[in-house]
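Every number for a ligand or one of its atoms is a count from 1 in the order of the listing.
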Amino acid sequence: MTKQTIETTCCVVGGGPAGVMLGYLLARAGVEVTVLEKHKDFFRDFRGDTVHPSTLELFYELGILDDFLKVPHQELTGTGGVFGDFAFRAADFSSLPTHCKFVALMPQWDLLDFLSGKAKAFPSFTLRMQNEAVGLIEEGGAVRGVVSKTPDGDVEIRADLVVGCDGRHSLTRHAARFEVLESGVPIDVLWFRIGRQGNDPENLFGNINYGSAIILIPRGDYFQAAMVIRKGSFEQIQQNGIEAFREDIRRIAPFLGHRVDELQDWDQIKLLSVQINRLRQWYRAGLLCIGDAAHAMSPVGGVGINLAIQDAVATANLLAEPLREGLLSEELLARIQDRREFPTRVTQFLQVQAHKGLQTIFRNPGPAVAPWQMRAVLSIPGIQKVTARVIGVGVLPEHIKGAQTEKKCPVPLLKRIAIGAGLVAAGVVIGAKIIKAQRRRQYAWGESRAGF
Ligand SMILES: Cc1cc2nc3c(=O)[nH]c(=O)nc-3n(C[C@H](O)[C@H](O)[C@H](O)COP(=O)(O)OP(=O)(O)OC[C@H]3O[C@@H](n4cnc5c(N)ncnc54)[C@H](O)[C@@H]3O)c2cc1C
């Protein structure tokens, strides 16, 4: 059967935050780009909703911030929670060095509709919905395009570069036989909605108690709730029955009261499997992976979308010109990994540490008591601003090439060096502690064996 063949300069697989942003930026720079999205629309409920200050800063640099802020959204000026009976404020975005001193909460389908709408203004942009990449076209050891399954049959899309932005279950990274380095993850997330009332918290709110945690994301008249559970324990939770599940929620977040009765059926509750991993190498001739396809992120900190968008900006900054001029090389693809791997590794390291904290919560099924270390850290003056910086801006934020504000980096060079040195020092201290603990464990094991 003859397949239809389409030629383009860059074929982006996946219309998530990384793919749509990359498509927009390349088209804006005059590169012929085709974005493939397997679904027929962007409407899916299992995605994050957070648009961070550093992403909003990019929209400012692109001149689309005012339009973006016209799309219905909520502005999160901080995050906080209750640990047992200890109420705390975790992050305060109000003094970030960005134009928007808040995280915008917007359903992801609205963000993607907005960005793809902006991209469509450029004639070199094509978005092909219901196009599922099912294989790579490889010739002479290089990737030359993808085969896409569509309602009208298979289509061959030939391109100078394929960029895999197809998320955690990426076909492109699998087909390219890229090696995936997994970080063990002890948690999964249950995702459901629950009604919201006038006097409920305005900001994102975590409730930690009775061996579990529920994060409540305000979305107008309801909360998008994310309940953190031990990996693989959903079956047991279901076996205990929906009433026991409702009771658990009521105990963890008592202020929800009778609203938990809205949960009548397991169909209302989705299991989202959490992963943290990254590719050893993100590229090969003719192919690059970015976003979750290169590094699947945990929902902790709600930073995955931001990181995916930062990857897209770095990719467009480095590749738009070579793509336009036909001067693409593998060395250029390597530079994208060089640039983006450090922020990815730092962010994943912090997420893994947060998972360890969650494991200690699971170990105590009774009323939670905030550890003194947590109380002490949260009482350090200005600590909420530091966490806001880590969450809201992240490590090594990107800027749009050629934007007026390009040089006005939110973090001055000296400060960046200081932050980098601080992180390295922290890494050395933590590493030394881990090695010491392991040695102690080995020693104790040796002693007990000797005793036995
Ligand atoms: C439970 C949970 C909650 C989260 N909450 C947040 C949050 O609040 N904030 C945050 O910043 N991050 C959050 N994250 C992380 C965040 O969702 C990801 O890091 C982010 O979406 C990555 O963007 P992406 O564009 O790389 O991939 P994705 O968002 O996964 O997009 C990939 C796209 O590719 C499409 N696709 C897949 N395969 C193909 C194919 N073969 N052909 C064509 N199209 C294909 C998919 O349909 C999808 O549209 C959460 C993650 C989880 C698991």
Side-chain angles (χ1 to χ4, degrees), residues 11-23 34-55 76 79 103-109 111-112 115-116 127-136 146-150 155 157 162-175 185 187-192 204 215-217 219 224-229 270-278 282 289-312 315 340 344 347-348 351 391-392 394:
C11 174
V12 176
V13 179
V20 173
M21 184 72 173
L22 179 61
T34 300
V35 178
L36 309 180
E37 169 52 49
K38 67 179 176 183
H39 291 100
K40 67 175 191 308
D41 54 36
F42 294 125
F43 191 82
R44 264 146 299 142
D45 207 13
F46 56 87
R47 308 172 136 190
D49 286 356
T50 52
V51 185
H52 284 233
S54 52
T55 301
L76 202 92
T79 62
V103 170
L105 280 184
M106 181 184 289
Q108 205 183 112
W109 54 87
L111 166 71
L112 297 174
L115 282 176
S116 57
L127 173 62
R128 294 177 64 98
M129 302 302 282
Q130 286 185 287
N131 269 243
E132 179 177 3
V134 288
L136 296 173
V146 300
V147 177
S148 167
K149 197 173 81 183
T150 81
V155 178
I157 298 170
V162 173
V163 185
C165 298
D166 43 350
R168 298 177 296 151
H169 307 292
S170 167
L171 167 283
T172 46
R173 81 180 189 184
H174 178 72
V185 171
I187 62 162
D188 281 330
V189 169
L190 298 183
W191 197 243
F192 51 90
L204 185 133
I215 289 95
L216 296 169
I217 306 167
R219 265 194 199 169
Q224 180 60 61
M227 182 170 182
V228 183
I229 60 165
K270 293 194 189 88
L271 171 69
L272 300 176
S273 161
V274 178
Q275 300 172 8
I276 297 185
N277 60 42
R278 69 190 156 79
W282 299 14
C289 284
I290 61 168
D292 268 23
H295 47 75
M297 305 303 292
S298 155
V300 167
V303 291
I305 297 169
N306 192 42
L307 224 67
I309 285 186
Q310 301 278 327
D311 284 2
T315 305
R340 296 301 308 155
T344 302
T347 313
Q348 290 190 332
Q351 292 189 325
I391 296 171

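Heavy-atom minimum distance, Val185 versus Gln275: CG2-C, 3.8 Å. Between Ala312 and Ala18, the closest heavy-atom pair is CB-O, 3.5 Å. Scanning all heavy atoms of the two residues, the minimum distance from Phe192 to Gln224 falls at O-NE2, 3.1 Å. A pairwise comparison of heavy atoms in Asp292 and Arg173 identifies O-NH1, 3.6 Å as the closest pair.
When only interatomic distances are considered, the shortest N/O to N/O separation between Val189 and ligand 1 does not fall below 3.5 Å. Backbone and side-chain nitrogen or oxygen atoms of Val13 are examined, and none is located within less than 3.5 angstrom of a nitrogen or oxygen of ligand 1. Checking only distances, Glu132 never comes within under 3.5 Å of ligand 1, N or O to N or O. Polar contact with ligand 1: present for Glu37 (N/O pair, distance under 3.5 Å). The shortest N or O to N or O distance between Trp191 and ligand 1 is not below 3.5 Å. Residue contacts with ligand 1: Met297 is placed with no nitrogen or oxygen under 3.5 Å of a nitrogen or oxygen of the ligand (distance criterion only). Considering backbone and side-chain atoms together, Gly19 places no N or O closer than 3.5 Å to any N or O of ligand 1. For ligand 1, none of its N or O atoms has an N or O atom of Ser273 under 3.5 Å away. Remark: ligand 1 and Ala308 share no N or O pair separated by less than 3.5 Å (distance only, no angle test). For ligand 1, the polar-atom distance check finds an N/O of His39 within less than 3.5 Å of one of the ligand's N/O atoms.
Between Phe42 and Gln108, every side-chain heavy-atom pair lies at or beyond the 4.5 Å cut-off. Contact annotation: the side chain of Leu171 never approaches that of Val134 to less than 4.5 Å [non-hydrogen atoms, C-beta and beyond].
Distances below 4.0 Å separate heavy atoms of Cys165 from the following atoms of ligand 1: 32 (C), 33 (C), 34 (O). Atom numbering of ligand 1 starts at 1 in the shown order; those under 4.0 Å from a heavy atom of Leu36 are 43 (C), 44 (N). Near Leu272, the atoms of ligand 1 lying under 4.0 angstrom from a non-hydrogen atom of the residue are 1 (C). The ligand atoms of ligand 1 that sit less than 4.0 angstrom from a heavy atom of Asp292 are 18 (C), 19 (O), 22 (C), 26 (O). Atoms of ligand 1 lying under 4.0 Å from any heavy atom of Gly291, numbered from 1 in the order shown and given with element: 26 (O). Of all the atoms in ligand 1, the ones that sit under 4.0 Å from a non-hydrogen atom of Ala18 are 25 (O), 26 (O). Against a heavy-atom cut-off of under 4.0 Å, Asn131 is close to the following atoms of ligand 1: 42 (N), 43 (C). Below 4.0 Å from some heavy atom of Thr50 lie the following atoms of ligand 1, by number and element: 7 (C), 8 (O), 9 (N), 10 (C), 11 (O).
Remark: the backbone N or O of Pro299 is not paired with any side-chain donor or acceptor of Gln351 at under 3.5 angstrom. With hydrogens and angles disregarded, a donor-acceptor distance shorter than 3.5 Å links the side chain of Asp188 to the backbone of Val274. A donor-acceptor pair is defined here as one N or O able to donate and one able to accept, closer than 3.5 Å; such a pair exists between the side chain of Ser54 and the backbone of Gly392. With hydrogens and angles disregarded, no donor-acceptor distance shorter than 3.5 Å links the side chain of Asn306 to the backbone of Gly304. Looking at Thr50, its side chain does come within 3.5 Å of a backbone N or O of Gly302 through a donor-acceptor pair. A donor-acceptor pair under 3.5 Å is formed between the side chain of Arg168 and the backbone N or O of Ser273.
At a heavy-atom cutoff of 4.0 Å, ligand 1 is contacted by the backbone of Val303 but not by its side chain. Counting heavy atoms under 4.0 Å from ligand 1, residue Ile305 touches it through both backbone and side chain.
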Could you check Leu112 against Glu37 for side chain to side chain contact (heavy atoms under 4.5 Å, CB included), going step by step and ending with a plain yes or no? CA-CA 11 Å; Leu112 297 174; Glu37 169 52 49; over 6 Å; no
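Judged by the shortest distance from any of its heavy atoms, Leu112 lies outside the 4.0 Å radius around the atoms of ligand 1.
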